[in-house]
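Residue numbers run from 1 in the order of the sequence given.
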Amino acid sequence: MTVPGYRDEPAEPWDPAAPADPGEAEDFLRQCYTENQRLGPVEPRLAIVRAQIAATGTYVHTTEELAYGAKLAWRNASRCIGRLYWRSLVVLDRRRARTADEIFSLLVNHLQTAGDGQIRPVISVFAAAQPGQPYARVWNEQLIRYAGYRGADGCPRGDSRQEQFTAAMQGYGWRGKGDHFDVLPLAIETPAEGVRLYELPDRAIREVPLTHPEHSWFDELGLRWHAVPAISNMRLTIGGVHYPLAPFNGWYLGTEIGARNLADTDRYDMLPVVAARLGLDTSRESTLWRDRALLELNVAVLHSFEKAGIRMSDHHTESQRFLKHLSNEEKAGRRVPADWTWIVPPMSGGITPVFHRYYDEMDLRPAFYLDEQASVLAREGCPVRRTH
């Protein structure tokens, strides 16, 4: 049986017009109050929630319910290897924000909170969607992404996967510098204002210049990466209530940058460049030049973040921590949903302990979901020009 959200199986479509499911609300509240005895008995709360759903089609989470629901969504995130620290998630309740200016200010605050000192896991939860009503959202897939351009000579500059989104932002009047690490604006859409673009201030963008501990020529490549990976286009669902704008971050796994962002052929495609600088034989695959270049690129990423004093994990350490998380959850009597294709790192997978086992595939809620429309917006931007 296929499970929504695993491998090529799409997540179940969300109907924004549908009311909150009373059964899902009850399941969540019983779990929340069972795991948090200090909240008291759940029955009085269930009576209130049932009445709210009957009258309005939805209900309002308390601050405690929202915070624990967000933590449970991280605990249930089948594609995340870093769930050992799910209880440490900092939950910022931003449900009162309505205007694009307010939302932008709070997103800047999110990045500063997450990146202040050691990187900490943070989620900012904005207003819940009301059945049948338009809602606020951010089009960008992450709060910080680098633009992608195609020069007159056809050569790419920046993040190639962001070329369509970059072109869409230019269609809305944004003009970047055109370099390799040009931070894209945030496209914030609200029901009253449509889409508005905002440039992130320097204080919100913490970046790390990449150097190598042994090869001085690596500095000449001019590579860098931002410190906070804040996903911004996934829907948080808690007990039948949906939050379309709930950006969240942990800290980077080194291979996310060194083996994907900088290495993928549809991203920065740096392996041929690094291989050439290393003097490797790239005439045939059997020389394993890609593997050797990949290793040095990842060494540089881990070295640079450590040198800058910015929190980052390597894939071996984080694999061991994930097994600790599995053990903790087993002792608590809980099964752990996990997608093997995401849990196993994109480098040296076979020599990490997470490779040599199977995992439970389940769609547990609360959870995060990437809706199709949100995915298209993050990839292509909106084809309709703004009129305000």
Side-chain angles (χ1 to χ4, degrees), residues 92-116 119 122-127 129 134-149 158-159 161-207 224-236 243-250 252 261 368 370-371 373-388:
L92 302 177
D93 186 347
R94 307 307 198 190
R95 288 178 289 178
R96 294 191 178 190
R98 290 294 183 271
T99 70
D101 284 351
E102 289 174 328
I103 292 171
F104 174 67
S105 177
L106 292 171
L107 293 178
V108 170
N109 178 265
H110 177 119
L111 289 170
Q112 291 181 289
T113 301
D116 183 21
I119 305 301
V122 177
I123 183 169
S124 294
V125 185
F126 290 85
Y135 49 84
R137 62 183 168 191
V138 168
W139 290 5
N140 311 60
E141 65 177 3
Q142 291 196 20
L143 294 182
I144 301 175
R145 273 298 197 208
Y146 296 118
Y149 308 96
D159 190 342
R161 201 176 77 178
Q162 298 297 323
E163 285 183 15
Q164 283 185 281
F165 190 82
T166 301
M169 296 302 97
Q170 291 172 325
Y172 282 101
W174 178 71
R175 293 292 177 265
K177 293 175 289 187
D179 64 20
H180 284 292
F181 298 95
D182 198 356
V183 176
L184 283 161
L186 289 180
I188 300 174
E189 181 183 3
T190 62
E193 301 165 281
V195 62
R196 297 183 63 185
L197 304 190
Y198 292 84
E199 293 267 13
L200 285 168
D202 290 344
R203 68 179 185 277
I205 308 168
R206 194 174 181 185
E207 292 182 296
R224 63 178 187 266
W225 206 261
H226 58 89
V228 180
I231 300 172
S232 52
N233 68 338
M234 295 188 77
R235 170 174 50 91
L236 169 64
Y243 298 92
L245 179 51
F248 62 94
N249 72 274
Y252 268 117
N261 298 341
F368 294 101
L370 178 59
D371 297 315
Q373 188 177 26
S375 180
V376 171
L377 283 174
R379 184 173 61 251
E380 302 175 4
C382 181
V384 180
R385 296 179 63 86
R386 63 180 177 180
T387 58
H388 61 279

Could you grab the distance from atom [atom1] of [X] to atom [atom2] of [Y], nearest 0.5 Å is fine?
| X | Y | atom1 | atom2 | result |
| --- | --- | --- | --- | --- |
| I103 | R137 | CD1 | CZ | 12.0 Å |
| Y252 | N261 | OH | CG | 5.5 Å |
| D101 | L106 | CG | CG | 11.0 Å |
| L143 | F104 | CG | CZ | 10.0 Å |
| S124 | R95 | OG | CZ | 13.0 Å |
| D159 | L184 | CG | CG | 8.5 Å |

So does E199 have more than 12 non-hydrogen atoms from other groups sitting under 6.0 Å from CD? yes

Does CZ in R175 sit with more than 12 non-hydrogen atoms of other residues, nucleotides or ligands closer than 6.0 Å?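 More than 12 heavy atoms, drawn from other residues, nucleotides or ligands, come within 6.0 Å of this atom.
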
Strictly distance-based, threshold 3.5 Å: is any side-chain N or O of [X] a donor or acceptor partner for the main-chain N or O of [Y]?
| X | Y | value |
| --- | --- | --- |
| E193 | T190 | no |
| H226 | R145 | no |
| T166 | A147 | no |
| E380 | V376 | no |

Do [X] and [Y] have side chains that get closer than 4.5 Å, going by heavy atoms?
| X | Y | answer |
| --- | --- | --- |
| H180 | R224 | no |
| N140 | N233 | no |
| V228 | I119 | yes |
| V125 | L92 | no |
| I205 | L111 | no |
| M234 | Y243 | no |
| H110 | T113 | no |
| Y149 | D182 | yes |

Salt bridge flag under 4.0 Å for residues R161 and E141: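 So R161 pairs with E141 through a salt bridge.
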
Non-hydrogen atoms of R98 and A127 that approach each other most closely: NH1-CB, 3.3 Å

Report the residue from V108, L107, I188 that forms a side-chain contact (heavy atoms from CB on, under 4.5 Å) with Y198. I188

Check whether the ring centres of F368 and F248 lie less than 6.0 Å apart, and answer yes or no.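 Yes, the ring of F368 comes within the 6.0 Å limit of the ring of F248, centre to centre.
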
Applying side-chain hydrogen bond (donor to acceptor under 3.5 Å, both in side chains) to W225 and Y146, what does each step give before you reach the verdict? CA-CA 9 Å; W225 206 261; Y146 296 118; 5.7 Å; no

Determine, step by step, whether W139 and M169 satisfy the side chain to side chain contact (heavy atoms under 4.5 Å, CB included) criterion, reporting the C-alpha distance in whole Å, the side-chain angles of both residues, the deciding distance to 0.1 Å, and the verdict. CA-CA 11 Å; W139 290 5; M169 296 302 97; 4.1 Å; yes

